[in-house]
Structure formats: C-alpha cells, structure tokens
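What follows is a single structure, written as structure tokens, with notes after it.
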Amino acid sequence: MSQLLRQLVIDVGNSRIKFVLLKTVLPLGASHQLPLVEHALSILVEDPLPWDQIADWLKPTDTRCLSSVAGSNPHGIKRVLNDWPESILPDPLEVLNTDDFPLEITVDEPRKVGIDRLFNAVAANRLKSTSQAAIIVDTGTATTVDVVSTEGCFAGGAILPGFELSAKSLHDYTALLPLIPVEDLRQIEPVVLGKNTTDAIRSGLFWGQLGAVRELITQHTKQILVESTSGEAPLVLLTGGGSALLAPHLDESVHFEPLLSLQGLALVAQQIRGIQ
Ligand SMILES: Nc1ncnc2c1ncn2[C@@H]1O[C@H](COP(=O)(O)OP(=O)(O)O)[C@@H](O)[C@H]1O
Ligand SMILES: CC(C)(COP(=O)(O)O)[C@@H](O)C(=O)NCCC(=O)O
Ligand SMILES: [K+]
C-alpha cells in the first residue's frame with residue numbers, strides 16, 4: 001500500500017531562508033523523481049520567521065511529517081533553532097551536517113564544502129542516468145557551478161559572486177557607483193550598451209553573470225567529455241534564487257529546478273531515516 005511522507009525542509013542561506021513542504025509517495029517508484037513541492041516560501045535572513053504560515057501548511061492533514069534544517073549559514077541556523085515553535089511544529093528536528101550522509105566527495109577538503117552544494121549533488125544523482133555526469137548551476141549569494149561525476153561523486157566546481165553580491169560590491173568598493181537593486185534586472189532585460197551608469201551596471205551584472213555561467217558550463221562539459229568513456233553529454237541543472245533570471249537565456253537542454261538543494265536535503269533526511 002502506498003503511503004505519503006511529508007517533509008518540512010528549511011535551507012538557511014547567506015541571503016535568504018527557504019521553507020518548503022515536500023511530499024514523497026512511498027515506496028519510491030521511478031528513480032528519476034524528486035520529492036514534490038507542496039508549499040514554498042523564502043524570507044530574508046533577518047526577517048521574522050513565518051511559523052504561523054508554516055503551521056497552516058501542516059493543518060489540513062495528520063500525515064507524519066519529518067522536519068530538517070541545514071544550510072551554508074551557521075548563524076542563521078542557530079536563529080531558526082532558537083526560535084523553533086515546538087508547540088506548533090512537529091518533532092523530530094534534524095539538523096544536518098556534512099558528515100551525516102553518504103556522498104563521495106573528491107576534493108581537497110571534503111568537510112569544507114558548503115552543504116547546499118552537496119544537497120544539490122544528491123538531488124542530481126537522483127535525476128541523472130548512471131552513464132552521465134551532471135553540472136549544477138546554483139545562483140544564490142554566491143553562484144556555484146559544480147560537477148557531479150558519472151560515478152556520482154561531488155567533484156568540485158567554481159564559486160563566483162551572485163547577482164546581489166556583485167551589485168553590492170560595486171557600490172561598497174567604489175566612490176561613484178550607485179547600488180542597483182536586483183529587482184531592476186527582473187523587470188526588463190538590461191540593454192547591453194549602457195548609456196548611463198545605472199544601465200552600464202545593469203548590463204554588466206546581468207550579461208556578465210550569464211556569460212560567466214555559460215563559460216563555466218562549457219569548460220566543465222569539455223573536461224567531462226575528455227574524461228568520459230560513454231561520451232554522453234552531462235545533465236545540466238539550474239537552481240537558486242537568481243536562477244529564474246538566467247533560465248530563459250540558457251540552452252533549452254538546461255533543466256530548471258528552482259528548489260533543487262531543498263529537494264536534495266529532503267532526500268538526505270530520508271536516507272538517514274532508512275526510508276529509501
Ligand atoms: N524574492 C526575491 N527578491 C529579490 N531577489 C531574490 C528573491 N529571491 C531570490 N533573489 C535573488 O536570489 C539571491 C538569493 O538566492 P538564494 O538561493 O536564496 O541565496 P542564498 O541561499 O545564498 O541565501 C539573491 O541574491 C537575489 O539575487
Ligand atoms: C559557496 C557558498 C557561499 C554558497 O552559499 P549560498 O550562496 O547558497 O548562501 C556556500 O556553499 C559556502 O559557504 N561554501 C563553503 C566553501 C565551499 O563550498 O568550498
Ligand atoms: K546556494
């Protein structure tokens with residue numbers, strides 16, 4: 001008989017905290033599936049925590065619900081845990097660390113890799129075929145462009161400033177450049193040839209980030225194909241808070257999965273519980 005597993009997962013990043021309620025139908029069927037998103041919201045790290053709204057997500061059912069908290073921002077995680085409303089949200093509460101789950105990590109210092117990058121790799125392993133590598137673009141505070149090997153190992157990648165961080169550093173480290181809100185990039189596609197300071201910054205932020213991501217995908221793909229025995233093109237996944245801006249401009253073969261690391265976190269919690 002099939003059973004429904006609900007999971008509340010919370011990913012605490014450097015800019016935003018993401019809250020997602022996911023459901024998985026057990027036993028797991030086709031392997032190429034991620035937990036399904038029922039509800040999602042994100043707040044700035046300093047905003048009040050939206051516990052009442054999350055409790056409302058859980059009200060309509062009495063299905064069991066696992067909750068997990070993790071992310072790349074230890075200070076933010078502490079705030080979430082200290083504020084945890086035990087009376088309205090379900091225990092048990094799992095707080096995941098890099099050591100908590102099985103994923104081969106072939107980099108110099110595995111323990112130093114951001115856990116959000118590893119959750120992406122776990123989710124990518126669910127989506128890719130066993131003869132294929134994966135490239136994951138995650139546009140958050142930092143943008144990461146990472147590689148998962150054909151064998152499913154987190155193999156490393158590249159880290160660069162994301163949209164908002166780039167905008168902020170142009171303003172903070174120059175005398176004359178204004179702060180450009182990232183919302184400006186969402187509203188209209190920036191012109192390439194900026195005729196004033198603001199348009200020139202918008203152009204650099206948008207087309208520069210897009211160009212960097214494209215080039216890193218190209219370089220990773222080249223390397224993957226050199227090392228590959230199957231010759232299969234990698235699965236390219238796009239995620240993170242800024243991913244909707246890039247999605248329309250990337251190749252159609254790129255898979256847009258805006259909540260990939262939260263789904264990866266849910267999969268890891270399932271593994272730890274022996275649910276899969
Ligand atoms: N609601 C939003 N309004 C404006 N920008 C957003 C929003 N959500 C995400 N972003 C963009 O995404 C980035 C944050 O993405 P996210 O993946 O949540 O980052 P992190 O995990 O580092 O907190 C911001 O820097 C911003 O560029
Ligand atoms: C690269 C990151 C800052 C990305 O975090 P985010 O932008 O999602 O908040 C984070 O994964 C991190 O702090 N990593 C530690 C260093 C590493 O991954 O090698
Ligand atoms: K991230």
Side-chain angles (χ1 to χ4, degrees), residues 9-20 37 40-47 49-50 53 69-80 96-99 103 105-124 136-148 153-172 179-188 190 201-202 204-210 212-213 216 237-247 249 256-265 268:
V9 295
I10 303 176
D11 174 17
V12 188
N14 285 289
S15 306
R16 308 186 75 89
I17 308 178
K18 279 76 66 184
F19 301 81
V20 175
V37 177
L41 73 86
S42 100
I43 61 165
L44 292 170
V45 281
E46 63 274 15
D47 281 351
L49 294 159
Q53 194 173 344
V69 183
S72 55
N73 177 352
H75 180 76
I77 291 176
K78 208 176 271 177
R79 181 164 98 85
V80 169
L96 295 171
N97 295 303
T98 315
D99 291 342
L103 174 75
I105 304 169
T106 52
V107 303
D108 297 341
E109 294 188 79
R111 285 186 175 196
K112 293 205 171 160
V113 180
I115 200 163
D116 51 322
R117 301 172 71 192
L118 301 179
F119 293 143
N120 284 333
V122 169
I136 305 150
V137 179
D138 188 336
T139 58
T141 309
T143 296
T144 49
V145 187
D146 290 332
V147 171
V148 175
C153 309
F154 176 89
I159 302 175
L160 63 147
F163 285 113
E164 213 153 36
L165 182 56
S166 303
K168 195 165 182 302
S169 40
L170 285 175
H171 173 59
D172 286 356
L179 179 63
I180 301 299
V182 174
E183 283 70 31
D184 288 7
L185 308 178
R186 286 176 197 272
Q187 273 146 26
I188 33 163
I201 296 174
R202 285 181 185 143
L205 290 174
F206 183 76
W207 298 109
Q209 182 81 199
L210 178 64
V213 163
L216 285 163
L237 299 164
L238 173 66
T239 191
S243 57
L245 280 173
L246 296 179
H249 299 273
F256 180 45
E257 294 285 353
L259 299 170
L260 192 71
S261 68
L262 289 125
Q263 288 163 309
L265 163 52
V268 166

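Read the numbers this way: they start at 1 and go in the same order the structure lists the ligands and their atoms.
For ligand 1, the atoms closer than 4.0 angstrom to any heavy atom of N14 are 20 (P), 22 (O), 23 (O). The contact set between ligand 2 and T141, taken as ligand atoms under 4.0 Å from a residue heavy atom, comprises 7 (O), 9 (O). Near N14, meaning under 4.0 Å from any of its heavy atoms, are these atoms of ligand 2: 3 (C), 5 (O), 6 (P), 9 (O). Against a heavy-atom cut-off of under 4.0 Å, S15 is close to the following atoms of ligand 1: 20 (P), 22 (O), 23 (O). Counting the atoms of ligand 1 from 1 in the order shown, those under 4.0 Å from a heavy atom of G140 are 15 (O), 16 (P), 17 (O), 19 (O), 22 (O). In summary, the atoms of ligand 1 found under 4.0 Å from a heavy atom of G13, numbered by their order in the structure, are 20 (P), 21 (O), 23 (O).
Under the salt bridge (charged side-chain N to carboxylate O under 4.0 Å, His left out) criterion, the residue pairs touching residues 157-169 are K168-D172, with sequence neighbours excluded.
With K18, R186, E164 as candidates, the residue nearest to atom 5 (N) of ligand 1 on a non-hydrogen basis is R186. Around atom 15 (O) of ligand 1, the closest heavy atom drawn from G114, G241, G240 belongs to G241. When V12, I17, T141 are checked for heavy-atom proximity to atom 22 (O) of ligand 1, T141 turns out nearest. Distances from atom 2 (C) of ligand 2 to the heavy atoms of G114, A142, G13 put A142 nearest.
Taking every heavy atom of both residues into account, Q209 and L246 meet most closely at CG-CD2, 4.4 Å. The minimum heavy-atom distance linking L205 with S166 is given by the pair CD2-CB, 3.5 Å. In this structure, P50 and F19 approach most closely via the heavy-atom pair CD-CZ, 3.5 Å.
For I188, the CD1 atom sits in a loose shell: 12 or fewer heavy atoms of surrounding residues, nucleotides or ligands are nearer than 6.0 Å.
Checking side-chain atoms of T139 against main-chain N and O of S243 turns up a donor-acceptor pair under 3.5 Å. In this structure, T141 contributes its side chain and S15 its backbone to a donor-acceptor pair below 3.5 Å. Between the D116 side chain and the G71 main chain, no donor and acceptor come within less than 3.5 Å of each other. A donor-acceptor contact shorter than 3.5 Å links the side chain of R79 to the backbone of V45.
The side-chain hydrogen bond (donor to acceptor under 3.5 Å, both in side chains) test applied to T239 returns no partner, not counting sequence neighbours.
Only the backbone of K112 comes within 4.0 Å of ligand 2, counting heavy atoms alone; no side-chain atom from C-beta on gets that close. With a 4.0 Å cut-off on non-hydrogen atoms, D116 touches ligand 2 through its side chain and not its backbone. Counting heavy atoms under 4.0 Å from ligand 1, residue V182 touches it through the side chain alone.
Note: no N/O pair closer than 3.5 Å links S42 and ligand 1 by distance alone.
Ligand 1 is approached by G242 to a heavy-atom distance shorter than 4.0 Å.
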